[in-house]
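Down below is the structure, laid out as structure tokens.
Every heavy atom of this structure was used, including side-chain atoms; hydrogens, water molecules and symmetry mates were not.
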Amino acid sequence: SQVDGTDNVGGFAGLLVLSEIRNCYSHGPVQGNNYTGGFAGSLRSSSIIYNSYSVGLVEGADYTGGFVGRIDDIGEDFENEVINSYWDTTVSLQVESADGEGRTTAQMKAGTPGDILDEDGNPDEDGDVMYSDWDDTIWYFGTNNNYPRLW
């Protein structure tokens, strides 16, 4: 189902404040106005996302991103991070994001931890690293043409 909102709209979370998210994913379209992302709308005050991904069309006005719409870093004591997290650039129609790493559908469906793949999902030493440091006891990568899912 589609996620609709005005500000701080995300496929998994809208506004993250002093939050930590690990090993999660969102599938589905996201539509908002300001601070719209496929996974999270905004990160503030030391929020961290690890090993997560999003797949879905993302539409918004100001601060729209494939994974995260906006990150507000308020000095060194409140830095936000997105670590080893990805969004599907093919489905989202977004090539930009406040953070995260954009990958094609082919890469996301073919990849397993540490694979280096070209945009067509084929091994290529000049390609993009996939699912860096993801734990295959937490994530199931299945066979061809599947996004990862939790065991």
Side-chain angles (χ1 to χ4, degrees), residues 1-73 78-121 127-136 138-142 144-151:
S1 63
Q2 180 164 312
V3 177
D4 287 311
T6 304
D7 296 334
N8 298 311
V9 182
F12 187 84
L15 173 62
L16 298 174
V17 177
L18 295 170
S19 301
E20 183 176 303
I21 295 175
R22 291 177 180 268
N23 301 309
C24 295
Y25 62 90
S26 65
H27 283 254
V30 178
Q31 185 173 15
N33 189 21
N34 299 310
Y35 320 126
T36 305
F39 190 84
S42 294
L43 272 65
R44 295 187 187 149
S45 303
S46 300
S47 292
I48 302 171
I49 301 172
Y50 297 96
N51 299 9
S52 297
Y53 76 90
S54 66
V55 176
L57 176 65
V58 179
E59 297 176 298
D62 294 327
Y63 297 99
T64 299
F67 192 76
V68 176
R70 184 175 182 187
I71 294 182
D72 290 332
D73 283 325
F78 294 101
E79 290 185 15
N80 300 284
E81 292 185 88
V82 174
I83 300 168
N84 300 331
S85 296
Y86 308 88
W87 83 92
D88 187 318
T89 57
T90 309
V91 176
S92 69
L93 300 181
Q94 297 291 327
V95 295
E96 302 276 328
S97 182
D99 209 335
E101 299 179 50
R103 300 291 189 261
T104 65
T105 299
Q107 288 173 312
M108 291 189 71
K109 287 185 172 185
T112 62
D115 287 348
I116 301 174
L117 305 175
D118 66 16
E119 290 184 353
D120 295 324
D128 298 309
V129 175
M130 296 301 306
Y131 307 115
S132 181
D133 294 324
W134 284 36
D135 185 338
D136 62 8
I138 295 172
W139 290 97
Y140 174 69
F141 292 89
N144 296 338
N145 296 316
N146 291 307
Y147 291 101
R149 59 179 198 248
L150 298 168
W151 275 102

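With sequence neighbours excluded, the residues forming a ring pair (Phe, Tyr, Trp, His ring centres under 6.0 Å) with Tyr131 are Tyr86, Trp134, Phe141, listed by chain and number. Partners of Tyr50 by ring pair (Phe, Tyr, Trp, His ring centres under 6.0 Å), not counting sequence neighbours: none found. Every side chain to side chain donor-acceptor pair (under 3.5 Å) that Gln31 has, sequence neighbours left out, goes to Gln2. Residues passing the salt bridge (Lys or Arg N to Asp or Glu O under 4.0 Å) test with Glu59: none are found, sequence neighbours excluded.
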*Kindly determine whether Tyr140 and Arg149 satisfy side chain to side chain donor-acceptor pair (under 3.5 Å), including the steps that lead there.*
CA-CA 5 Å; Tyr140 174 69; Arg149 59 179 198 248; 4.9 Å; no
*Does the pair Val9 and Tyr35 meet the rule for a side chain to side chain contact (heavy atoms under 4.5 Å, CB included), with working shown?*
CA-CA 6 Å; Val9 182; Tyr35 320 126; over 6 Å; no
*asked:* Before you tell me yes or no, could you show the steps for Val91 and Thr105 under side chain to side chain contact (heavy atoms under 4.5 Å, CB included), namely the whole-Å CA-CA distance, both residues' side-chain angles and the distance that decides it to 0.1 Å?
replied: CA-CA 7 Å; Val91 176; Thr105 299; 3.6 Å; yes
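Between Ser54 and Gly66, the shortest heavy-atom contact is OG-O, 3.4 Å. Residues Ile21 and Cys24 share a closest heavy-atom pair of CG2-SG, 3.7 Å. When all heavy atoms are compared, the tightest approach of Thr104 to Gln107 is N-OE1, 2.9 Å. Asp118 and Asp120 make their closest contact through OD1-N, 2.9 Å (heavy atoms, listed as atom of the first residue, atom of the second, distance). Residues Val3 and Gly10 come closest through the heavy atom pair CG1-O, 3.7 Å.
Of the possible donor and acceptor atoms, one in the side chain of Ser92 sits under 3.5 Å from a partner among the backbone N and O of Asp88. Formation of a donor-acceptor pair under 3.5 Å by the Ser85 side chain with backbone atoms of Ile83 is found in this model. For Trp87 (side chain) and Gln94 (main-chain N/O), a donor-acceptor pair under 3.5 Å exists by modelled atom type. For the pair Trp151 (side chain) and Trp139 (backbone), a donor-acceptor distance under 3.5 Å is present. At least one donor-acceptor pair closer than 3.5 Å links the side chain of Ser47 to the backbone N or O of Arg44. Proximity of a side-chain donor or acceptor of Ser97 to a complementary backbone N or O of Gly69 within less than 3.5 Å is not detected. For the pair Asn84 (side chain) and Asn51 (backbone), a donor-acceptor distance under 3.5 Å is absent.
Distance CG/Leu57 to CG/Leu93: 5.5 Å, rounded to 0.5 Å. The distance from the CG atom of Asp136 to the OG1 atom of Thr112 is 8.5 Å, given to the nearest 0.5 Å. To the nearest 0.5 Å, atom CD of residue Glu119 and atom CG of residue Leu117 are 11.0 Å apart. Interatomic distance, CG of Asp62 versus CG of Asn34, reported as 5.0 Å (0.5 Å rounding). Rounding to the nearest 0.5 angstrom, the gap separating the CD atom in Glu96 from the OG1 atom in Thr89 is 11.5 Å.
Applying the ring pair (Phe, Tyr, Trp, His ring centres under 6.0 Å) test to residues at least two apart or on different chains, the pairs with a partner in residues 1-22 are Phe12-Phe39. Among residue pairs with one or both ends in residues 8-20, those qualifying as side-chain hydrogen bond (donor to acceptor under 3.5 Å, both in side chains) are Asn8-Ser42, Glu20-Arg22; sequence neighbours excluded.
Using a 4.5 Å heavy-atom threshold, the side chains of Asn80 and Ile48 count as separate. Side chains of Asp133 and Pro113 form no contact here, defined as non-hydrogen atoms less than 4.5 Å apart. The side-chain heavy atoms of Leu43 and Ile49, taken from C-beta on, include a pair separated by under 4.5 Å. Counting heavy atoms from C-beta outward, Val30 and Thr36 have side chains that approach closer than 4.5 Å. Inter-residue side-chain proximity for Ser26 and Tyr53 is flagged as unmet; no heavy-atom pair is nearer than 4.5 Å. Taking the side chain as every heavy atom from C-beta outward, Ile116 and Asp128 never approach each other to under 4.5 Å. Looking at heavy atoms from C-beta onward, Asn146 lies out of side-chain contact with Lys109 at the 4.5 angstrom threshold. The side-chain heavy atoms of Thr64 and Val58, taken from C-beta on, include a pair separated by under 4.5 Å.
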